[in-house]
Amino acid sequence: MFICHMHWYKTGSSRGHLPWKRTLRKQRGRGKSAIFSLNASIRPHLSPPFRAERNTKRSRISARLGSDSETTSNERQLNLSVLRFTFGISGLDESYLPRWIGYGFGSLLLLNHFVGSDLANITPAQLRTEVLGLSLAAFSIILPYLGKFLPGAGPGNQVTLPEGNEQLFVMSESLSDTLKENLAWATYVLLRNTNTIAVLISIRGELCIRGYWRTPDDVSKGHVLDWFEEQIQKIGLSDLKDTLYFTQSPDFGFRELLPNGTRSLLVQPLLQVSDQEEYEMGRNEGFVVLFSSMSYAYSDKDRAWIKAVANKFTGRKGRNPPDAVEMYF
Amino acid sequence: MFLSAPTKKTFLPSMEAGIALLRDFLPSDSRRLRLRRRPSPAFPRSIRASSSPLGQYRGPQPKRDLVADWVADNDGFVRSLPIYVGGSSLLAVLFNRTVSGIAPVADASSAQSRADLLTLGLAVTNVLAGLVWLSIRPKPISVVEPLGVECRRIRSDLPESVVSELLWVWESLSTVTCCRSLAIIYDGHCIMQIGMAAKSSANDGEAEDVDANKLMQGSLYQGIINSRAQSYLANLSLYPGRSELPFLPFNTQAVILQPLGDKGVAVIGGDTIRGFTTSDQTWITYIGEKLDAALAKYVNDSSILMQERV
């Protein structure tokens with residue numbers, strides 16, 4: 001029986017400030033798996049003090065000068081002082097304002113055309129203006145969609161937890177203690193630090209699963225691990241060699257494994273660098289799968305960090321062999 | 001590295017065409033990788049993966065995201081596009097009015113005027129959106145190469161697990177962030193000093209030693225241990241506490257001091273002013289906690305051993 005003494009075992013994924021009804025699950029370990037009981041409360045005090053809130057405090061209707069280094073940025077590009085138009089209502093994403101204005105003014109234009117003007121004698125000038133106005137409205141509507149891809153775009157959305165999923169934290173019993181500790185830490189960090197709602201790590205066939213999952217109801221608690229293994233076998237994730245990043249929902253294949261409301265997916269295989277033959281044979285040492293409820297959830301920096309965390313489990317001993325390290329006492 | 005060579009050998013020629021592999025952040029050579037990380041995004045938003053030659057992976061492949069790639073490639077053009085569209089529509093509305101012989105009076109009396117006003121409103125919205133996009137353009141900041149010597153020192157009496165943990169921390173930091181120097185002080189000793197270090201004035205060509213005691217008596221360390229919070233010195237030249245970190249290269253631009261529990265600190269030096277992003281800071285906090293747990297366990301074990309011997 002593995003004793004959890006680290007705090008990262010106890011906390012569930014506490015992203016989002018939405019009150020969420022969660023059930024406390026207490027199970028006895030049986031067979032291959034041991035299911036840990038989870039603390040259902042949200043623990044805001046655990047977040048580090050400087051962690052920027054996704055919706056920063058805003059003032060009234062005004063253009064506000066402020067630093068915006070929290071948004072995603074490339075390695076050498078930093079977002080500094082930024083002029084932002086804001087209404088001061090928290091939770092309102094002003095980058096979608098052009099879209100709403102586009103819808104509103106476009107419908108007003110149509111209203112004006114059919115109701116407000118004399119349909120029998122519409123001047124060509126008016127028609128020209130209306131065509132121009134409608135095309136501008138269409139352009140405004142797609143503007144936020146384009147803006148999403150620009151680096152330095154608006155504040156990230158709050159991660160929402162979709163309905164229909166249940167919290168789960170399962171590990172194969174046959175893992176060593178240090179490996180269990182490392183896996184617990186890695187899953188905890190991935191859930192907290194990236195826009196992830198569910199994470200699955202597999203190392204040489206042993207599984208660790210954490211987050212919000214949608215397991216079928218007929219799968220009993222003791223056989224959850226078997227069900228996951230079966231799904232993985234079906235998809236053949238053990239033979240993946242390259243990182244896959246689905247920015248929009250993958251439409252087939254993963255369907256049963258996906259938690260409800262998944263919109264993007266990242267599969268990171270763990271590759272044994274030194275073993276050339278194993279690489280060519282097409283097997284990987286394991287993989288990390290992350291599910292998120294947002295589309296385009298993982299920026300380049302996020303993916304780099306996820307790769308770094310995954311490298312913890314590849315069993316590589318570092319770039320240089322130990323005898324090249326200059327030691328001192 | 002193994003990335004490109006073996007895959008070409010084992011691929012079917014049809015699959016090679018038009019496939020972009022994700023350039024993973026493999027820490028093969030940190031300097032080579034640093035050159036690859038240019039300001040323009042080098043990675044497509046979604047990656048079409050190559051299937052393994054044995055065809056075992058039966059899942060879906062991600063689709064190529066054309067819009068995202070196009071926007072990323074034409075960044076400057078896309079940012080100023082709404083301004084041009086809005087500005088030209090503004091002029092077009094006025095032109096339309098004058099050409100049709102209607103006086104350019106802004107009132108809502110006729111249907112024509114109403115339609116014009118709505119169109120003007122949309123044009124202004126576009127112009128403002130374009131201005132916002134231009135103002136949030138990230139500013140490129142140049143990298144300052146640290147001047148010093150490479151060093152790689154780890155205490156020799158550490159067990160294998162701790163050493164691999166420390167090396168993993170160094171590889172992650174040097175690959176993902178702008179970190180170029182790392183020093184870990186724990187329990188009164190300097191456990192690891194790795195990366196670029198200042199050249200010592202005493203031994204020629206050797207890296208400057210980390211005087212752990214002196215560091216621990218300094219104000220920087222005391223401040224961190226008291227507050228138990230990470231300290232981010234984004235522009236190191238502005239801080240007088242710079243003198244307490246003589247082992248870092250003198251032109252280190254940014255430093256993060258991460259406390260490891262209440263017994264140690266990790267000094268992380270970067271080569272760019274404000275080079276560590278907020279997400280880097282949170283990741284470093286978590287890594288610091290993990291490292292503290294591993295080192296505390298080691299210190300406990302070794303002290304138990306010492307007691308047993310006595």
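Because only heavy atoms are used, hydrogens play no part in the values below, and waters and symmetry mates are left out as well, while side chains stay in. None of the values given here were measured: they were computed from a predicted structure. Note on naming: letters A, B, ... go to the chains in the order of the sequence lines (proteins, then strands), and numbering restarts at 1 for each one.
Here the closest non-hydrogen pair linking L143(A) and A129(B) is CD2-CB, 3.6 Å. Closest non-hydrogen pair, F105(A) versus G121(B), comes out as CE2-CA, 3.8 Å. The two residues A92(B) and L132(A) make their nearest non-hydrogen contact at CB-CD2, 3.8 Å. The minimum heavy-atom distance between G116(A) and R114(B), with the atom names listed, is O-NH2, 2.9 Å.
Looking at S140(A) and N126(B), their side chains do bring a donor and an acceptor atom within 3.5 Å of each other.
Put simply, of L128(B), V71(B), I287(B), L122(B), the one with the most heavy-atom pairs under 4.5 Å next to chain A is L122(B). For the options L158(B), V78(B), V85(B), heavy-atom pairs under 4.5 Å to chain A are most numerous at V85(B).
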Candidate pair V67(B) and Y145(A), rule side chain to side chain contact (heavy atoms under 4.5 Å, CB included), full reasoning: CA-CA 10 Å; V67(B) 178; Y145(A) 173 67; 3.7 Å; yes
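A 4.5 Å side-chain heavy-atom check between Y188(A) and Y286(B) finds at least one atom pair inside the cut-off. For the pair L146(A) and W133(B), the minimum side-chain heavy-atom distance is below 4.5 Å. D280(B) places a side-chain heavy atom less than 4.5 Å from the side chain of K301(A). In this structure the side chain of W305(A) never reaches within 4.5 angstrom of the side chain of T282(B), judged on heavy atoms. Looking at K307(A) and S172(B), their side chains never come closer than 4.5 Å, going by heavy atoms from C-beta outward. The shortest distance between side-chain heavy atoms of K290(B) and N182(A) falls below 4.5 Å.
Within the 4.5 angstrom heavy-atom criterion, atoms from both the backbone and the side chain of W283(B) approach chain A. Both the backbone and the side chain of V93(B) come within contact range of chain A, with heavy atoms under 4.5 Å apart. Proximity to chain B is absent for every atom of S135(A), based on heavy atoms less than 4.5 angstrom apart. Contact of T125(B) with chain A is made through the side chain alone, with heavy-atom distances under 4.5 Å. Using a 4.5 Å cut-off between heavy atoms, A123(B) contacts chain A through both its backbone and its side chain.
W185(A) and W168(B) have perpendicular rings, their planes meeting at more than 60° on a 0 to 90° scale where under 30° would count as parallel.
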